[in-house]
Amino acid sequence: MMMPERSGSQLYEALRTRYPRLRVLYMSGYTENAIVDHDILSSGAPFIQKPFTVEMLGKMVRFVLDG
């Protein structure tokens, strides 16, 4: 989510215009509430909080791809 120059959601929006079927899974060490409260991510966006297990990552990737 937090990167130099722009946020992950800003990068996604820029790429989505070129790749309209692009899927995204956001990840961060910050809580989802903290990210939403600071307007970095919209509520309900696919998100996984660090640390996570391989199983949790697999489930979230499948959720995003099936979405």
Side-chain angles (χ1 to χ4, degrees):
M1 289 302 311
M2 308 301 281
M3 302 182 304
E5 308 290 323
R6 63 175 92 184
S7 71
S9 56
Q10 290 170 327
L11 177 60
Y12 171 68
E13 289 302 321
L15 290 172
R16 191 172 69 140
T17 59
R18 186 167 183 178
Y19 305 100
R21 297 180 57 193
L22 181 67
R23 304 291 174 108
V24 64
L25 172 60
Y26 297 103
M27 69 174 67
S28 176
Y30 292 104
T31 65
E32 183 175 8
N33 288 342
I35 291 171
V36 170
D37 289 348
H38 288 91
D39 292 325
I40 298 170
L41 182 64
S42 62
S43 180
F47 175 81
I48 189 167
Q49 184 179 344
K50 296 177 194 176
F52 48 82
T53 64
V54 172
E55 291 81 16
M56 289 169 51
L57 178 60
K59 287 179 183 180
M60 286 302 296
V61 167
R62 175 61 17 212
F63 173 77
V64 169
L65 292 176
D66 289 345

Which value, rounded to the nearest 0.5 Å, describes the distance between [X] atom [atom1] and [Y] atom [atom2]?
X   : Y   : atom1 : atom2 : value
Q49 : M60 : CD    : CE    : 12.0 Å
L25 : Y12 : CG    : OH    : 11.5 Å
F47 : S28 : CZ    : OG    : 5.0 Å
K50 : M27 : NZ    : CE    : 6.5 Å

I'd like to check the side-chain contact (heavy atoms from CB on, under 4.5 Å) partners of E13; sequence neighbours left out, ordered by chain and number.
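For E13, the residues satisfying side-chain contact (heavy atoms from CB on, under 4.5 Å) (neighbours in sequence not counted) are R16.
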- Task: Check side-chain contact (heavy atoms from CB on, under 4.5 Å) between R18 and all other residues, then give those that pass, not counting sequence neighbours.
- Result: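 With sequence neighbours excluded, R18 shows a side-chain contact (heavy atoms from CB on, under 4.5 Å) to no residue whatsoever.
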| query | In terms of hydrophobic clustering (I, L, V, M, F, W, Y; side-chain heavy atoms under 4.5 Å; direct or indirect links), are V54 and I48 co-clustered? | reply |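 No; tracing contacts between hydrophobic side chains, which count when under 4.5 Å, never links both residues.
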- Counting heavy atoms not belonging to F52, are there more than 12 under 6.0 Å from its CZ?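 Above 12, so yes.
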| query | Does R23 have any side-chain hydrogen bond (donor to acceptor under 3.5 Å, both in side chains) partners at least two apart in sequence or in another chain, and if so, which? | reply |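 So R23 forms no side-chain hydrogen bond (donor to acceptor under 3.5 Å, both in side chains) with any residue.
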